[in-house]
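Below: one structure, written as structure tokens.
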Amino acid sequence: MFSNSEEFKETFLKRIEMTYGKTFAESTKRDHFNTLGHMIREYVSRNWIETNERYRTNKEKQVYYLSIEFLLGRLLKQNLLSLGIDKVVEEGLGELGIDINELEEIEADAALGNGGLGRLAACFLDSLASLNLPGHGCGIRYKHGLFEQKIVDGYQVELPEQWLRNGNVWEVRKADLSVEVPFWGKVTASNENGRLKFSHMDAEMVTAVPYDMPVPGYETRTVNTLRLWSAEPSPYPVNQDILKYKRDTESISEFLYPDDTHDEGKILRLKQQYFLVSASINSIIRAYRKQNSSLTDFHQHVGIHINDTHPVLAIPELMRVLLDEEQMSWDEAWNITTKTISYTNHTTLSEALEKWPVRIFQPLLPRIYMIVEEINERFCRSLWDYFPGDWHRIENMAIIAHDEVKMAHLALVGSYSVNGVAAIHTEILKQREMNSFYQIFPEKFNNKTNGITHRRWLLKSNPKLANLICEGIGDSWIKRPGDLKELEKYKQDHGFLEELYRIKQENKQHLANIIKEQTGVSVDTASIFDVQVKRLHAYKRQLLNVLHIMHLYNQLKRDPSFDIYPRTFIFGAKASPGYYYAKKIIKLINTVAKKVNGDPSVRDKLKVVFLENYRVSLAENIFPATDVSEQISTASKEASGTGNMKFMMNGGITVGTLDGANIEIKDVVGNENIFIFGLKAEEVLHFQQNGGYHSLEYYHLDKRIRQVVNQLTDGFFDQSEGEFEAIYDSLLMQNDQYFVLKDFASYVQIQSEVGDAYKDQQKWRPMSLINIANSGHFSSDRTIEEYAKGIWNIQGIGIT
Ligand code: 26Q
């Protein structure tokens with residue numbers, strides 16, 4: 001299509017005229033973006049077709065990654081890089097006076113996810129394609145992604161997100177591949193040659209229309225597919241108000257639900273889940289049938305992975321197809337299903353495990369419910385052999401109990417593999433949360449520590465560092481991230497470390513400009529950039545970070561000569577709209593920020609910034625500019641974390657608890673290159689089981705704690721009365737569930753060591769380098785290789 005910048009320019013200019021009927025001079029930036037986008041899509045189309053052809057003719061086993069979320073962010077540069085045309089395009093555009101970075105800003109983030117789980121799915125797609133693995137995504141094409149956050153007077157305000165307002169250049173609508181999904185209605189049974197045949201009558205049909213997006217691998221010819229389903233009214237007649245029917249169907253793919261475990265049991269959420277599952281399974285089977293006459297060895301050709309329990313209905317749905325449409329026996333269908341489905345668990349917080357009331361589930365999905373009941377009955381009967389007489393245990397393990405369907409139990413029973421997302425998390429699943437299941441299915445349990453795509457989170461978002469690395473060790477790390485290890489040879493090289501520092505400072509300046517523009521606050525790039533960006537949750541303990549800042553402020557006020565290395569504390573976090581406590585923490589951060597930033601007496605030492613609307617595209621500017629990475633969850637609560645890996649890869653040094661993947665980061669960089677503090681997981685679990693922690697004692701014994709906690713309610717930060725009462729109460733009246741006060745002293749201590757270490761740049765810079773050098777282990781390429789070998793049993797064929 002084009003192999004040099006001249007050819008690129010020629011095509012680009014011709015297309016602008018043909019598509020928009022405008023001269024180049026009249027065209028807008030959006031015209032440029034769309035034109036370029038369409039050119040890229042055409043550019044991949046040949047390899048996309050060839051990849052599908054190859055998969056068909058080789059009959060390679062295909063894996064489908066079902067996820068209710070794909071947090072993709074922007075795709076322009078990612079696609080250019082993967083296709084290896086970034087340089088040519090940038091040059092060609094440059095010659096036309098177009099800045100690629102300005103074009104990039106035109107693209108809306110595809111924010112079809114809440115946070116870690118959704119971003120993990122996006123990273124996995126990149127690694128699958130880059131490793132030439134036959135793995136595809138199946139998700140929902142939400143009309144509105146995660147809400148847009150505004151901060152008004154320190155409070156979070158949510159606006160609907162509108163990523164499709166100007167169209168989506170990356171997608172192809174495939175109306176001819178639509179699937180009908182049934183809801184409601186009733187199931188009737190008839191006798192057909194001595195076998196019961198079930199039919200779903202009077203169902204309300206919804207049409208699922210696929211929109212496919214190409215997923216090109218990095219410098220390979222593999223182009224996989226992300227298929228996102230959109231809900232539309234079905235052409236089949238309905239006996240009801242047509243307008244209401246249209247609204248009801250379209251509402252299924254209207255909004256992404258904000259991660260909110262406090263707001264359970266919304267019927268629309270369950271509809272979304274079955275919509276995704278039914279459309280995906282049916283289109284997978286349709287494609288399979290084109291190649292194979294019978295489904296008896298389906299599991300040898302297809303793997304279906306479920307990202308948490310949100311798509312767990314894939315289990316009864318696959319059973320339904322095999323039983324009702326294929327007329328298989330229960331045992332044969334169950335054998336195939338349990339050899340097809342694999343499951344990742346992302347949480348041990350019991351309040352976050354999905355449960356659905358039978359009274360919602362049964363009428364909405366009558367046939368699926370019957371199958372779940374049958375699975376449950378057979379499972380409970382088999383438990384009797386494992387745990388004879390242990391009624392209590394059997395009741396706890398049942399899939400349906402106390403009028404609720406427990407989705408995690410269904411996933412554990414109906415899959416052949418269950419994995420946690422970091423070593424400690426998997427151990428907690430095996431030894432505690434899912435121990436009863438581990439006793440009967442030990443072979444199902446395995447660990448796959450999370451990873452991130454280094455191509456987006458280093459190569460794309462930190463081009464200066466990527467260049468320096470290439471100058472130092474060549475570019476093999478882009479395909480083999482483990483090669484970053486070679487950087488260690490520079491750990492005493494002053495010239496290289498100086499360059500590393502210079503790049504960090506440039507990235508900090510870039511972020512400082514964004515901060516200035518967004519908040520009006522001027523921050524000094526000579527200060528330590530200390531960052532906590534992630535969803536707002538009590539267990540993630542943004543509160544510990546704020547209390548520490550309040551404490552530093554108090555110390556500076558008491559003793560103006562108090563020696564601290566200047567610091568800029570940066571936050572970014574969205575709170576689920578119904579999560580009252582989380583919203584109060586956002587208000588607290590902004591309240592403290594206002595007081596601290598407005599006090600000239602601490603101006604040179606302390607700044608606090610809350611960046612609104614934290615999202616993938618903003619994150620890409622934050623990770624490269626960070627010195628200190630805050631990973632301070634209550635030990636045992638954060639399954640893995642993935643932001644921790646993004647900071648590390650960009651030379652940020654972790655201040656963290658021994659939780660999630662922080663432990664594995666510590667293992668690879670060594671104790672000297674990370675700042676660990678606080679309770680360990682066993683200690684937390686011990687206190688939770690046996691008591692013995694009394695937050696009030698810490699309040700009474702530590703006057704630093706007393707001071708900051710009192711300031712929550714005494715108006716010190718000019719807050720209105722009662723504003724932070726819920727926070728105050730959580731700490732003192734509800735015995736501080738997340739051990740914030742317990743870990744306070746240890747956190748203050750480690751933070752002072754962080755300051756000392758930064759002051760000694762001879763010490764800091766090698767630490768930073770060693771973090772980068774060892775970050776290859778946390779590439780999602782490593783993670784996906786482990787899934788491919790250890791779970792899916794698929795191999796990349798030697799295509800480059
Ligand atoms: C639940 C009910 C109703 C609506 C939405 C939800 C919901 C949505 C999203 C519940 C949970 C999520 C997302 C969870 C998540 O992101 N977990 C994180 O997964 C990461 C990837 O494995 C881990 O690194 C994090 O530790 C884990 O918190």
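Excluded from the calculations below are hydrogen atoms, water molecules and symmetry mates; all remaining heavy atoms, backbone and side chain alike, are included. Source: prediction; values computed, not measured. One-based numbering, in listed order, for ligands and for the atoms of each.
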### Message
Any carboxylate oxygen within less than 4.0 angstrom of a Lys/Arg side-chain nitrogen, looking at Asp659 and Lys680?
### Response
no
### Message
Under 6.0 Å from the ring centre and within 45 degrees of the ring axis: does the NZ or CZ of Arg541 meet both conditions for the six-membered ring of Tyr738?
### Response
no
### Proximal ligand 1 atoms for Tyr539, defined as those under 4.0 Å from one of its heavy atoms
28 (O)
### Query
Can you find an N/O atom of Arg269 closer than 3.5 Å to an N/O atom of ligand 1?
no
### Query
Should the pair Asp126-Arg456 be classified as a salt bridge under the 4.0 Å nitrogen-to-oxygen rule?
no
### Task
Classify the side-chain pair Ser417/Asn419 by whether it contains a donor and acceptor separated by less than 3.5 Å.
no
### Query
Backbone or side chain, does any N or O of His310 fall under 3.5 Å from an N or O of ligand 1?
no
### Task
Classify the angle between the aromatic ring planes of Tyr65 and Phe70 as parallel (below 30°), tilted (30 to 60°) or perpendicular (above 60°).
perpendicular
### Task
Taking the six-membered ring for Trp and the full ring for Phe, Tyr or His, determine whether the centres of Tyr579 and His537 are under 6.0 Å apart.
yes
### Query
For ligand 1, which atoms sit closer than 4.0 Å to a heavy atom of Glu69?
8 (C), 9 (C)
### From Leu117, Asn450, Asn114 - option closest to atom 13 (C) of ligand 1 by heavy atom
Leu117
#### Entry: Nitrogen or oxygen atoms of Gly641 and ligand 1 under 3.5 Å apart
yes
### Message
So for Lys266, does at least one of its heavy atoms come nearer than 4.0 angstrom to any atom of ligand 1?
### Response
no
### Query
Is there at least one pair of N or O atoms, one from Lys540 and one from ligand 1, spaced under 3.5 Å apart?
no
### Query
Should Gly660 be listed as contacting ligand 1, given a heavy-atom distance under 4.0 Å as the test?
no
#### Entry: Set of side chain to side chain donor-acceptor pair (under 3.5 Å) partners for Glu148, sequence neighbours left out
Lys150
### Message
If we only consider heavy atoms of Val421, is any one of them less than 4.0 Å away from an atom in ligand 1?
### Response
yes
### Message
Check Arg782 with Glu785, please: is the shortest side-chain N to carboxylate O separation under 4.0 Å?
### Response
no
### Which of the ligand 1 atoms, numbered from 1, are nearer than 4.0 Å to a heavy atom of Ala639
26 (O)
